[in-house]
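What follows is a set of notes on a single structure, which appears directly below.
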Number of protein chains: 2
Amino acid sequence: MTVEHQPNAIDGVPGSAMPIVHKLSKDHDLVLKTFRLLIADLCQQFNGGHPGGAIGMAAIGVALWRYVMRYAPHTPGFFNRDRFVLSNGHTCLFQYSFLHLTGYKAMTFEQLKSYHSDRMDAQCPGHPEIEHEGIEVTTGPLGQGLANAVGLAMATKNLAATYNRPNFDVVNNHTWCMIGDACLQEGVGLEAISLAGHFRLNNLTVIYDNNQITCDGSVDLTNTEDVNQKMRACGWDGIVRALEQARSSKQNPTFINIKTVIGLHSSVAGTAVAHGAPFGAKGICDMKTAYGFNPEEHFVIGDSVRQFFQGIPERGEQWVQDWDQLVNNYAIQYPDLATEFVARVRGELPANWQDHIPITFPDKPTATRTASGLVFNPLAKEVDTFMVGTADLSPSVNMIWPGKVDFQHPGLRTTCGINGTYAGRYIHYGVREHAMAAISNGLAAYSPNTIIPVTSTFFMFYLYAAPAVRMGALQHLQIIHVATHDSIGMGEDGPTHQPIELANLYRSMPNLLYIRPGDSEETAGAWIAAIAAKQTPSIISTSRQTLPQISQTRRDGVALGAYVLSEAEAANVTLIGVGAELSFAVEVAEQLKVQEGIVARVISFPCQRLFEKQSLDYKRKTLQRHRGIPAVVIEPYAPNGWERYADAGICVTRFGHSLPGKAAYKFFGYDIDTLTKKVARYLEQIHEDELLRGEFVDL
Amino acid sequence: MTVEHQPNAIDGVPGSAMPIVHKLSKDHDLVLKTFRLLIADLCQQFNGGHPGGAIGMAAIGVALWRYVMRYAPHTPGFFNRDRFVLSNGHTCLFQYSFLHLTGYKAMTFEQLKSYHSDRMDAQCPGHPEIEHEGIEVTTGPLGQGLANAVGLAMATKNLAATYNRPNFDVVNNHTWCMIGDACLQEGVGLEAISLAGHFRLNNLTVIYDNNQITCDGSVDLTNTEDVNQKMRACGWDGIVRALEQARSSKQNPTFINIKTVIGLHSSVAGTAVAHGAPFGAKGICDMKTAYGFNPEEHFVIGDSVRQFFQGIPERGEQWVQDWDQLVNNYAIQYPDLATEFVARVRGELPANWQDHIPITFPDKPTATRTASGLVFNPLAKEVDTFMVGTADLSPSVNMIWPGKVDFQHPGLRTTCGINGTYAGRYIHYGVREHAMAAISNGLAAYSPNTIIPVTSTFFMFYLYAAPAVRMGALQHLQIIHVATHDSIGMGEDGPTHQPIELANLYRSMPNLLYIRPGDSEETAGAWIAAIAAKQTPSIISTSRQTLPQISQTRRDGVALGAYVLSEAEAANVTLIGVGAELSFAVEVAEQLKVQEGIVARVISFPCQRLFEKQSLDYKRKTLQRHRGIPAVVIEPYAPNGWERYADAGICVTRFGHSLPGKAAYKFFGYDIDTLTKKVARYLEQIHEDELLRGEFVDL
């Protein structure tokens, strides 16, 4: 059952809701007042930031950091620590202040006071960032953190089911997630809630800071649903008496709906004004006076408040030692398992992982989505590091290895008879692309490279997932996204499913590898590059349709981003082929020679980002534009960005068309005759009009 | 209350669920059998498509098209028609077949049989497309249609509240939406459900084709929530007895949860195999035999089945005539209102709309988000065509005009005291960016240009909305998206809120204008261009921070995409300035002259797409690259695509940084000194290394 609490009703203490209140010393009131004034001062000093939410949640924070959560400020990376996610990331001062008070070394008082300053090395950015001590995931775009928390809880479940043994719970941490009203409105949050209920993640507690205020005013301007009923419908438990009970919830994830007052005790308490602007000098002065504080003093943390948080680092170190001892004993009892577990903790793959990747492929036309399965599934079968999910496209993405077990609550009995366990590593995300990617961020954020999440769906639907793909790139998380149906060649599903502009997003996105392999060999190269990218997510972009095997492709060429597929002396033109259309470039080169007497060299160009990392010398040798050989790129995507590498492009600047794949190609002029003529005509054109040489020409 | 129906239990007829069954002739069974075999044959002929869902929903479709919906096949654009949305668009044969059977002229039998053929002018693409008769919105990406339907129902509510008078319900149509399991999983669907419940849209009926099958298997692999309870929690009514009652539901939107059997009566009935592949010749043969049909015959629609649908076009024309008469009488009683209404029906703005746009602006630094309000709010105040929404960023986006009234159920009483009516035109979407854009597609799709929806949020959150923005562009819908905080200059919120790569998505997206105005004057130009684009959505991308007014900017320059801001004889370099950083280019040109003796011309480049529409001559005259003057673009976004217009770029290829705006600019080298030095150094470099002239250089 989900029950609403009113913690602020009893002077800001989560009163009847939490029996832990009896533990609170007489200093508790002072702690809360100090905390609230600290937040107010921190926002006031540089006249910016979000004070209201942090102040409203103060009592919840004290309960969590002082009593409830298990963590180690002096060993922030403690593997079995509880994870805390601030999904309403704009209230970051809430977290920063507790990090400071509980003794995280990086969060010095000086650093805390750098919030909204122009200090370049600040630990206090406007939203929590994973790079900093004590922060589990970067949050800010609303709803993401909630989905990340689901991923973190799934990581615990999977590792626990895989490695725990009787009396050896080497992984049993809990995940705590604070959310605001918005996280319950955003689709990604709603998708994640639905999945967490389905997976019955009883190691996840979501605490709803129910202050009923958003930027526009009261939440009932835009949301009048019965949130408790909705959460129950999604398979969540509520909790009546204490946060501590949430840890021992036996069946389901826990939702705690706590009524708070935004900007409590300030002059703007309970209003939207408290959300995103400081209270002003007068407002803070009044608040301090009412609290019995000296209004002339700022950033005051009294000794008794410091004492209130004393001993937390030591408590944490004890937990760390206990866990180390547990793992040592585990290694004695289960040496092989412990070796594997320790490697996972370190984020290491088995040294021989590449041995599982095929050296050769059957010499027959093969879709790269099929090749992707040939490359990866043997590896996924053997190496537990990979957790593989799909947004309900199992039959299309070919990610099922023999004997794969689903990640499911072990008690689930499905209608179709396919069940699983928490040790399973194949995840049915449902048609929830955004949550799939955001949950994968959580899986990856659990501990560096301990889990490498793999997602899969049609390429076009990575637009649904894009905000979470971005968050993965921003956080330097290794995640591998496998996209199929990546061009108009996918055919009949039509323009809603045919990507034209999407690659441009991902080619522009920092710290992401967008890779379009051209055949099976390059698909092997794409996987090797993606697995080698320990701090970078990748998208492996594959074809629905079969593609010929091209004899000159090289898997190690993929790592270079682009490479010469066929060189030619005295070439008239360079053709740039990419992914599903690479074979077109090869065939056009043939036909140019035979029919037009034009000598074309061919480059395969699977990944712009990897090519950019190469030396200027390599780039010039590959492209040969400095020798005056014009380059023509052939790719049925928007051309934007190819202008860097090519002089002309046979690209697409309109939406697709519903036709069978080959007919769709023909409709857009991607048949060998038309392509050949366009290239030949272009070479004439630049002879006729020299100016065209300095411009990118759309053919 | 929401009740599950079992229409297939009674031989495919929505039996006890629908009293209309008593109206059904003895041919009803034959109609259903014919329909199902037709679908099976249509998928079989070209060996592709999605038969199962369409077959499972057959009885629902018969009820809707034969008895329940009000529409006019021979006047498909009938303004007051019921709208039908097939959110599970892959079952498009369901809709196509009923369009054919009910007499839509474009959907000839030949056309129907072109499904999955390579016929270029087919009316039967793989998903419904708005271009074709009888299709209200393009669907396919799941969840979108459901949100579109919410928008269509809101359009009706708004127009009805604005124009209906006692005895003159000139707008009172109903919106019907079929959804599959996936639409209840996708975040955009869940966001839209929540809003529809909040708005109490009793003119919306959502019919859930509850076949419990998705591509991966049974739905309970990934969803075990109590969907009826969830819908009730979101403020939806269920319906017990008849679809017809849904039209008269008095309080809330209606959710009808109908248990169906995917691929009913086929050998793969009730399994995932029925979803996305034809049944095979043998399977269809068996089905025909069991039904008493001749297995040798294909695409059989018997006379009695044709007769069953007879009279529907005539019935529709009667409705059209009745409505025309109603509007004529309305024009007598309410001449002014009728004039306005008829203009809205025609999609015409008042001829003088531009008079509301300011000619000049205060000569003081102004954020373009502020300028956007100055430009648009007077127009929004006067012209009812605009429905303006925000994803909970009212204080940031400045879209509130004096006296604005919220779009709300008139009975709503909010805590903050801001209430509204259905005639209101300001929409609080909540923190639901994706639904905001998808619902706006529905508002716009109601009838061409009758409503021009405006959305607003931070630019970065248009990544959440991107799949729906794309659907608007694909459907040629005029929607204006107002994005603020569009560069690192937005400051402290940090990298999660600072766009780097997002503009590249929208600059690459077909049929979309992404416009970055540089000051107030250009903001006027951006609005004028967006309002002029009757079949194209626009994003007006504005700054959080104040920007200087630049004396040479011209609103008519925006329509050209790019224009010369300051010309110079014998220029050494062209500087391309864009949007929030346009003034940097102007200042750098000054400093280059003063400090380095370098002559720079400056181009303002607010919109690549509009520039591409200009003549080659205009482009060359503007850029002057053909005269050997190198061009340097200054924009703190990923450079991808600028290579077409520039030889070098001062761009950003990493994620942002949380710092106050000016400090963030400085951190990334966007201060006048650094920029000036980079340009000067580049000009030296290309003198030293001639090869660099042929390459795009990142400065």
Side-chain angles (χ1 to χ4, degrees), chain A residues 116 118 125-127 140-142 182 185-188 190-191 198 214-218 220-226 229-230 233-234 392 394 414-416 428 430-432 434 463-464 466-467 474 492-494 496 501 504-505 508-510 626 638 640-641 643-644 654-655 658 660 663 691 696, chain B residues 116 118 125-127 140-142 182 185 187-188 190-191 198 214-218 220-226 229-230 233-234 392-394 414-416 428 430-432 434 463-464 466-467 474 492-494 496 501 504-505 508-510 626 638 640-641 643-644 654-655 658 660 663 691 696:
Chain A
H116 272 228
D118 57 5
H127 294 85
L142 295 164
Q185 295 178 17
E186 289 283 11
V188 64
L190 297 172
E191 292 177 8
H198 172 76
T214 62
C215 294
D216 275 18
S218 52
D220 54 12
L221 278 173
T222 190
N223 205 5
T224 41
E225 66 196 19
D226 182 338
Q229 189 187 353
K230 189 171 177 180
C234 293
D392 191 44
S394 291
T414 66
T415 314
C416 62
H428 296 281
V431 190
R432 302 180 181 102
H434 196 173
L463 188 56
Y464 275 60
L474 174 57
E492 298 88 346
D493 278 341
T496 57
E501 74 285 27
N504 300 71
L505 173 69
S508 305
M509 189 175 280
H626 65 293
N640 310 44
E643 300 94 338
R644 182 178 287 249
R654 49 156 286 182
F655 286 111
S658 175
L691 290 183
F696 186 84
Chain B
H116 273 226
D118 57 7
H127 295 85
L142 295 164
Q185 294 179 17
V188 63
L190 297 173
E191 293 177 7
H198 172 76
T214 62
C215 294
D216 276 17
S218 52
D220 54 11
L221 278 173
T222 190
N223 206 5
T224 41
E225 67 196 17
D226 181 338
Q229 188 187 354
K230 189 172 177 180
C234 294
D392 191 44
L393 283 173
S394 290
T414 66
T415 314
C416 62
H428 296 280
V431 190
R432 302 180 182 102
H434 196 172
L463 188 56
Y464 275 60
L474 174 58
E492 298 88 347
D493 277 340
T496 56
E501 74 285 26
N504 299 71
L505 173 69
S508 306
M509 189 174 280
H626 65 294
N640 310 45
E643 300 94 338
R644 182 178 288 251
R654 47 157 286 183
F655 285 111
S658 174
L691 290 183
F696 186 85

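Side chains are part of it too, since the values below use all heavy atoms of this structure and drop only hydrogens, waters and symmetry mates. Small disclaimer: the values here were computed from a predicted structure and weren't measured. Residue numbers start from 1 in every chain, and the chains themselves are labelled A, B, ... in the order their sequence lines are given, proteins ahead of strands.
- Ranked by heavy-atom pairs under 4.5 Å with chain B, the list A:Gly126, A:Ala233, A:Gly140, A:Pro125 is led by A:Ala233.
- Taking chain B as the reference chain and counting heavy-atom pairs below 4.5 Å, the highest number among A:Ala663, A:Ala638, A:Ser394 is found for A:Ser394.
- Checked by atom type and distance alone, the side chain of B:Asp392 pairs as donor or acceptor with a backbone atom of A:Cys215 at under 3.5 Å.
- Side-chain contact of A:Thr414 with B:Asp220: a donor-acceptor pair under 3.5 Å is absent, judged by distance alone.
- Annotation: maximal heavy-atom pairing with chain A below 4.5 Å, among B:Glu225, B:Glu643, B:His116, occurs at B:Glu643.
- Interface residue A:His434: only side-chain heavy atoms are found under 4.5 Å from chain B.
- Residues forming a side chain to side chain donor-acceptor pair (under 3.5 Å) with A:Thr496 (at least two apart in sequence, or on another chain): none.
- Most heavy-atom pairs under 4.5 Å with chain B, from the set A:Glu191, A:His198, A:Lys230: that is A:His198.
- Here the SG-CG distance, from A:Cys234 to B:Leu190, works out to 8.0 Å after rounding to the nearest 0.5 Å.
- Checking side-chain atoms of B:His127 against main-chain N and O of A:Gly494 turns up no donor-acceptor pair under 3.5 Å.
- Note: A:Leu463 leads A:Asn504, A:Leu463, A:Asp226, A:Leu505 in heavy-atom pairs under 4.5 Å with chain B.
- A donor-acceptor pair under 3.5 Å links the side-chain atoms of B:Tyr464 to the main chain of A:Leu142, judged by distance alone.
- Note: A:Glu501 leads A:His626, A:Met509, A:His428, A:Glu501 in heavy-atom pairs under 4.5 Å with chain B.
- Between the side chain of A:Gln185 and the main chain of B:Val431, a donor-acceptor pair closer than 3.5 Å is present.
- By number of non-hydrogen pairs under 4.5 angstrom with chain B, the leading residue of A:Asp118, A:Leu221, A:Val188 is A:Leu221.
- When atom types are taken as modelled, the side chain of A:Arg432 and the backbone of B:Thr222 share a donor-acceptor pair closer than 3.5 angstrom.
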